[in-house]
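Heavy atoms only: backbone and side chains are in, while hydrogens, waters and symmetry mates are out.
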Amino acid sequence: MSTIKKLKWRYATKKFDPNKKLSQKKLQILKEAFNLTATSFGLQTISLVVLGDKEQRLPLVEYAYGQKQVWEASHLLIICIQDNIQDQDINNYYKNIEDVRETPTKILDPYRKSLVKMMQKMTVEERQQWSKNQAYISLGNLMTVCAIEKIDATPMEGFVPEKYDELLNLTKLGLKSVLLLPVGYRAEDDMFSTFKKVRKPLEETVIEL
């Protein structure tokens with residue numbers, strides 16, 4: 001199946017088969033795809049929570065406005081941001097570059113100081129919004145990988161993040177949930193899987209200058 005056919009096959013799954021599970025191999029692909037997502041400066045101020053336990057997910061349905069995909073899916077992926085970005089996060093990042101690429105400190109130090117200064121000029125809210133922008137990039141990347149791997153998925157903004165943070169103890173980890181992505185396999189009786197995609201004509205959305 002071509003890339004375009006796989007993207008046409010993808011849809012926001014309304015009903016998952018609760019008896020079908022993703023293999024560990026498929027899960028590993030999604031984890032690595034998330035980790036390989038492009039982020040601004042490569043700083044990676046986002047994290048992915050992978051939740052497979054259905055009992056743990058059941059109370060979360062209420063705080064996703066009753067969307068049962070949260071429980072029905074094989075796994076629930078929760079994309080989170082750091083509640084704050086500290087100087088040490090940036091220092092650790094550049095230390096990692098130094099170790100992996102064996103780049104001398106004197107070359108990296110001006111870039112490190114510049115990024116620290118940029119972040120210090122931001123409020124906590126601005127840093128969080130900056131991280132949320134990275135979270136959306138990771139969501140798009142995961143959805144594309146899901147299509148390529150024939151994994152069904154449902155991107156969700158409609159939930160109460162504060163309740164998820166509380167129930168899953170994410171606050172203690174310094175995280176804030178921002179996006180949900182239930183993943184698994186569509187139910188055979190999900191009528192939405194047979195609906196034709198409705199999109200504007202290509203010439204209306206792509207402008208060639």
Side-chain angles (χ1 to χ4, degrees), residues 1-4 6-7 10 22-52 74-151 153 155-157 161 164-165 168-183 206:
M1 188 184 292
S2 71
T3 300
I4 296 302
K6 287 177 180 178
L7 290 173
R10 186 211 70 78
L22 291 180
S23 67
Q24 285 303 311
K25 182 179 179 180
K26 291 286 189 183
L27 274 177
Q28 189 62 27
I29 289 171
L30 295 182
K31 292 175 188 177
E32 293 194 28
F34 174 82
N35 197 47
L36 289 168
T37 295
T39 59
S40 187
F41 296 100
L43 194 55
Q44 290 182 284
T45 58
I46 54 177
S47 296
L48 184 69
V49 174
V50 181
L51 196 54
S74 170
H75 290 75
L76 175 64
L77 307 185
I78 307 171
I79 302 174
C80 304
I81 61 169
Q82 288 180 218
D83 58 8
N84 198 5
I85 301 169
Q86 308 287 349
D87 292 355
Q88 192 57 47
D89 296 315
I90 298 168
N91 293 337
N92 290 342
Y93 167 61
Y94 278 98
K95 180 63 169 64
N96 197 24
I97 295 176
E98 186 178 333
D99 292 343
V100 172
R101 295 179 178 170
E102 299 182 349
T103 308
T105 304
K106 65 180 180 180
I107 293 177
L108 294 174
D109 219 34
Y111 298 100
R112 181 188 63 79
K113 289 178 180 178
S114 177
L115 186 52
V116 167
K117 188 176 180 180
M118 187 190 91
M119 285 295 168
Q120 287 177 345
K121 288 181 179 179
M122 292 183 182
T123 63
V124 173
E125 290 75 18
E126 287 172 336
R127 291 175 198 156
Q128 289 179 357
Q129 184 57 55
W130 185 83
S131 293
K132 283 180 182 179
N133 294 341
Q134 319 309 310
Y136 280 91
I137 295 171
S138 71
L139 177 66
N141 189 42
L142 283 171
M143 289 170 63
T144 299
V145 172
C146 281
I148 291 169
E149 294 294 325
K150 297 295 291 286
I151 297 170
M156 291 183 178
E157 290 181 299
Y164 274 60
D165 299 348
L168 299 173
N169 294 315
L170 298 180
T171 305
K172 292 181 180 178
L173 299 175
L175 299 175
K176 295 174 74 70
S177 56
V178 293
L179 293 164
L180 305 180
L181 188 68
V183 293
V206 178

### Query
Who passes side chain to side chain donor-acceptor pair (under 3.5 Å) against N91, sequence neighbours left out?
R112
### Message
Is there a side-chain contact between L43 and M119 in this structure, where contact means two heavy atoms from C-beta onward sitting under 4.5 Å apart?
### Response
yes
### Task
Return yes if some donor-acceptor pair links the side-chain N/O of Q44 with the main-chain N/O of T39 below 3.5 Å, else return no.
no
### Message
Assess the residue pair V183 and L142 against the criterion (side-chain contact (heavy atoms from CB on, under 4.5 Å)); give the C-alpha distance rounded to whole Å, side-chain angles, the decisive distance to 0.1 Å, and a yes or no.
### Response
CA-CA 10 Å; V183 293; L142 283 171; over 6 Å; no
### Task
Search all heavy atoms of L108 against all heavy atoms of Y94 and return the closest pair with its distance.
CD1-O, 3.7 Å
### Query
How would you list, by chain and number, every residue that makes a side chain to side chain donor-acceptor pair (under 3.5 Å) with Q129, sequence neighbours excluded?
N133
### Pair listing, side chain to side chain donor-acceptor pair (under 3.5 Å) test, anchored in residues 170-180, at least two apart
D165-S177
#### Entry: Candidate pair Y164 and L76, rule side-chain contact (heavy atoms from CB on, under 4.5 Å), full reasoning
CA-CA 12 Å; Y164 274 60; L76 175 64; 4.2 Å; yes
### Query
With a 3.5 Å cut-off and no angle check, do the side chains of S131 and T45 form a donor-acceptor pair?
yes
### Query
Between the side chain of Q134 and the main-chain N/O of S40, is any donor-acceptor distance below 3.5 Å?
yes
### Considering all heavy atoms, the nearest H75-G52 contact
CD2-CA, 3.5 Å
### Task
Could you name each residue pair satisfying salt bridge (charged side-chain N to carboxylate O under 4.0 Å, His left out) that touches residues 22-37, not counting sequence neighbours?
K26-E149
### Query
Got a sec, which pairs hit salt bridge (charged side-chain N to carboxylate O under 4.0 Å, His left out) with one end in residues 121-138, sequence neighbours left out?
none
### Task
State, yes or no, whether a side-chain contact exists between L27 and Q24 at a heavy-atom distance under 4.5 Å.
yes
### Query
Is there side-chain contact between I46 and F34, with at least one heavy-atom pair below 4.5 Å?
yes
### Query
Do any pairs count as a salt bridge (charged side-chain N to carboxylate O under 4.0 Å, His left out) and have a residue in residues 80-98, sequence neighbours left out, and if so which ones?
K95-D99
